[in-house]
Student: 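Dropping a structure here in structure tokens format, bear with me for questions.
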There are 2 protein chains.
Amino acid sequence: MIKLDIVNAIVSKTNVTRTKAEQAVETVFEAMKNALGRGERIELRRFGVFNVKPRKTGIGRNPRTGQQVSIPPGKAVRFKPGKELQTLPAPASTPAPKS
Amino acid sequence: MIKLDIVNAIVSKTNVTRTKAEQAVETVFEAMKNALGRGERIELRRFGVFNVKPRKTGIGRNPRTGQQVSIPPGKAVRFKPGKELQTLPAPASTPAPKS
DNA sequence: GATCGCGTGATCAAGCTTGATATCGTTAAC
DNA sequence: GTTAACGATATCAAGCTTGATCACGCGATC
């Protein structure tokens, strides 16, 4: 699924213009990015929770050279799926669509 | 941040009615939930990628009783932040807003 | 505003993910 | 059609996830 699919869903479900739907989708994710950029938790019931956590690992490794690299501190964005997404059935043996 | 904040952002940025904005936001996350429920990957450039993966862990534990519990197989929804969210600066010493 | 129910934290074993780099193919988005 | 984000791939140390239960805070609907 890509952004265009979401826009199409909005156009067919809400009867707004495509331009407005595009703006709406853009605003959703832009607002979320801004909140996460401020370190702000996002809780969307029945979808999930985005958390911003300090990223704290000591040593990484450059797989190319094998050389150890110190991982700098920063923020990590984590998503915890909400209840509906946590209780998905076990995957079928057929591969998932690409997107 | 909660759903209402996103709705407000859409109302102020796109000049649609509040009702339409609420429907749009609902549709965004409903569409995403449906896609993930189908095991479908979601790629949103500059926001991140949601993937559905098989979940396979063995033993859990009831924190109340200490009793072991077998964790059944299922699907796990994972979010990988996009580039902009991966390079957030280190957290300030002030705590993040609750939401 | 009232109400419902989702989300949080505690524990813990086992397995998975993350981050470092760089290149090239694929593809989302404009 | 163009641009740039994203995936895959290598290694490895450190951290995260996953489920069980339950009381309470709070998102979201009506």
Side-chain angles (χ1 to χ4, degrees), chain A residues 1-8 18-19 22-23 25-26 29-30 33 40-51 53-88 90 96-99, chain B residues 1-8 18-19 21-23 25-26 29-30 33 41-88 90 97-99:
Chain A
M1 174 175 266
I2 58 174
K3 191 167 164 183
L4 179 64
D5 299 315
I6 299 179
V7 170
N8 288 341
R18 175 164 298 274
T19 300
E22 284 170 354
Q23 286 172 359
V25 174
E26 178 63 26
F29 294 110
E30 206 55 39
K33 271 195 290 181
E40 188 176 331
R41 177 175 176 277
I42 303 174
E43 178 177 341
L44 302 167
R45 289 289 173 95
R46 299 181 299 107
F47 182 72
V49 179
F50 294 84
N51 258 314
K53 300 189 173 182
R55 184 186 65 207
K56 190 158 53 165
T57 60
I59 299 301
R61 191 169 290 268
N62 181 336
R64 291 280 177 133
T65 65
Q67 191 169 357
Q68 287 193 340
V69 180
S70 174
I71 296 171
K75 287 179 189 168
V77 175
R78 296 282 185 268
F79 173 71
K80 182 178 177 184
K83 185 175 177 179
E84 291 180 29
L85 290 177
Q86 283 187 17
T87 56
L88 298 178
K98 193 94 188 266
S99 79
Chain B
M1 174 174 268
I2 58 175
K3 189 169 163 183
L4 179 64
D5 300 315
I6 300 179
V7 170
N8 288 341
R18 176 164 297 276
T19 299
E22 284 170 354
Q23 286 173 359
V25 174
E26 179 63 27
F29 294 110
E30 207 55 40
K33 273 195 288 182
R41 178 175 175 276
I42 303 174
E43 177 176 341
L44 303 166
R45 289 291 171 94
R46 297 182 303 107
F47 181 72
V49 179
F50 295 84
N51 256 314
V52 182
K53 299 190 174 184
R55 183 187 67 208
K56 192 160 48 168
T57 61
I59 301 299
R61 192 170 289 268
N62 181 337
R64 290 288 178 121
T65 65
Q67 194 169 355
Q68 288 193 339
V69 180
S70 175
I71 298 173
K75 288 181 190 167
V77 176
R78 295 277 188 272
F79 174 70
K80 181 179 177 184
K83 185 175 176 180
E84 291 179 29
L85 289 177
Q86 281 187 17
T87 56
L88 297 178
K98 192 99 189 257
S99 80

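Convention: sequence-line order gives letters A, B, ...; per-chain numbering from 1.
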Student: Could you tell me whether the side chain of A:R45 has a donor or acceptor atom within less than 3.5 Å of a complementary atom in the base of C:dC6?
Tutor: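 Yes, a donor-acceptor pair under 3.5 Å.
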Student: Rounded off to whole Å, could you give me the NZ-to-C1' distance for the B:K83 and C:dA20 pair?
Tutor: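 Checked: the NZ to C1' distance equals 16 Å.
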Student: Between C:dA28, D:dT29, D:dC16, spot the one nearest the side chain of A:R78, thanks.
Tutor: D:dC16
Student: C:dG5 P sits how many Å from A:E84 CD, rounded?
Tutor: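 Rounding to the nearest Å, CD of A:E84 and P of C:dG5 are 13 Å apart.
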Student: Would the distance check show the side chain of B:Q86 and the main-chain N or O of B:P81 forming a donor-acceptor pair, the cut-off being under 3.5 Å?
Tutor: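 Yes, because the side chain of B:Q86 sits within donor-acceptor range (under 3.5 Å) of the backbone of B:P81.
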Student: Could you state the CG-P distance from B:L85 to D:dA5, rounded to the nearest angstrom?
Tutor: 13 Å
Student: Which residues pass the side-chain hydrogen bond (donor to acceptor under 3.5 Å, both in side chains) test with B:R46, sequence neighbours left out?
Tutor: B:E84
Student: Output the rounded distance in Å from CD (B:E30) to P (D:dT29).
Tutor: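 Those two atoms, CD and P, are 11 Å apart.
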Student: With rounding to the nearest 0.5 Å, note down the distance linking CD in A:E30 to NZ in A:K33.
Tutor: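 Those atoms lie 4.0 Å apart.
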Student: Distance check, rounded to the nearest 0.5 Å: B:L44 atom CG versus A:I6 atom CD1?
Tutor: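 That separation rounds to 5.0 Å.
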Student: Between C:dT8, D:dT18, C:dC30, which one does the side chain of B:R46 approach most closely?
Tutor: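 Of all the options, the side chain of B:R46 is nearest to C:dC30.
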Student: Please write out each protein N/O paired with an N/O of nucleotides 22-25 of chain C under 3.5 Å, distance rounded to 0.1 Å.
Tutor:
from, atom 1, to, atom 2, distance (Å)
C:dA22, N3, A:R64, NH2, 2.9

Student: B:R41 has an atom CZ; how far is it from atom P of C:dT27, in whole Å?
Tutor: 9 Å
Student: Whole angstroms only, please: what is the CG-P distance between B:N51 and D:dA5?
Tutor: 19 Å
Student: Using five pairs at each end of the helix from C:dG1-D:dC30 to C:dC30-D:dG1 to define an axis, what is the angle between those two axes, to 10°?
Tutor: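 For the helix from C:dG1-D:dC30 to C:dC30-D:dG1, the axes at opposite ends meet at about 170°.
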Student: Closer to the 5' end of DNA chain C via nearest nucleotide, is it A:E26 or A:V49?
Tutor: A:V49
Student: So, is A:R61 near the phosphate of C:dT21, with a side-chain N or O under 4.0 Å from OP1 or OP2?
Tutor: no
Student: Output yes when at least one side-chain N/O atom of A:K53 is less than 4.0 Å from OP1 or OP2 of D:dG15, else no.
Tutor: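 No, outside the criterion.
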Student: Given D:dC6, C:dT8, C:dA20, identify the nucleotide with an atom nearest to the side chain of A:P63.
Tutor: C:dA20
Student: Round to the nearest Å and state the distance from B:I2 atom CD1 to C:dC6 atom P.
Tutor: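 After rounding, the reported distance stands at 17 Å.
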Student: Report the nucleotide, chosen from D:dT18, D:dC6, C:dC6, that has the shortest atom-to-atom distance to any side-chain atom of B:I71.
Tutor: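 For B:I71, the side-chain atoms sit closest to D:dT18.
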Student: Mind checking if B:G82 touches a base, just sugar-phosphate, or nothing, with heavy atoms under 4.0 Å?
Tutor: sugar-phosphate
Student: So which one's nearest nucleotide on DNA chain D is more toward 5', A:G66 or A:F79?
Tutor: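 Counting from the 5' end, the first nearest nucleotide belongs to A:G66.
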Student: Is the phosphate of C:dT17 approached by B:K80 (side-chain N or O, under 4.0 Å from OP1 or OP2)?
Tutor: no
Student: Using heavy atoms to find the nearest nucleotide of DNA chain D for A:Q68 and B:F47 separately, return the residue whose nucleotide is more 5′.
Tutor: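 Its nearest nucleotide lies further toward 5', so the answer is B:F47.
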Student: With sugar-phosphate meaning primed atoms plus P, OP1 and OP2, does A:Q67 contact a base, only sugar-phosphate, or nothing at under 4.0 Å between heavy atoms?
Tutor: nothing
Student: Can a side chain N or O of A:K3 be found less than 4.0 Å away from OP1 or OP2 on C:dA28?
Tutor: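 No, outside the criterion.
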Student: Please enumerate all residues that pass side-chain contact (heavy atoms from CB on, under 4.5 Å) together with A:R18, with sequence neighbours excluded.
Tutor: A:L4, A:V7, A:N8, A:V11, A:E22
Student: Taking atom OG1 of B:T65 and atom CG of B:N62, what is their separation to the nearest 0.5 Å?
Tutor: 3.5 Å
Student: Please report, rounded to the nearest Å, how far the P atom of C:dG7 is from the CZ atom of A:F50.
Tutor: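 Taking CZ of A:F50 and P of C:dG7, I get 12 Å after rounding.
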Student: Side chains of B:N51 and B:K80: closer than 4.5 Å at any heavy-atom pair?
Tutor: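 They are not in contact (no side-chain heavy atoms under 4.5 Å apart), so the answer is no.
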Student: Can you list the residues that meet the ring-ring contact (aromatic ring centres under 6.0 Å, His included) rule with A:F79, with sequence neighbours excluded?
Tutor: A:F47, A:F50, B:F50
Student: Name all residues meeting the salt bridge (Lys or Arg N to Asp or Glu O under 4.0 Å) criterion together with A:R61; count only those two or more places apart in sequence or in a different chain, and write none if there are none.
Tutor: none
Student: State whether B:E43 and A:K3 are salt-bridged, where the test is any N-O pair (Lys NZ or Arg NE/NH1/NH2 against Asp/Glu carboxylate O) under 4.0 Å.
Tutor: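 Result for this pair is no, no salt bridge flagged.
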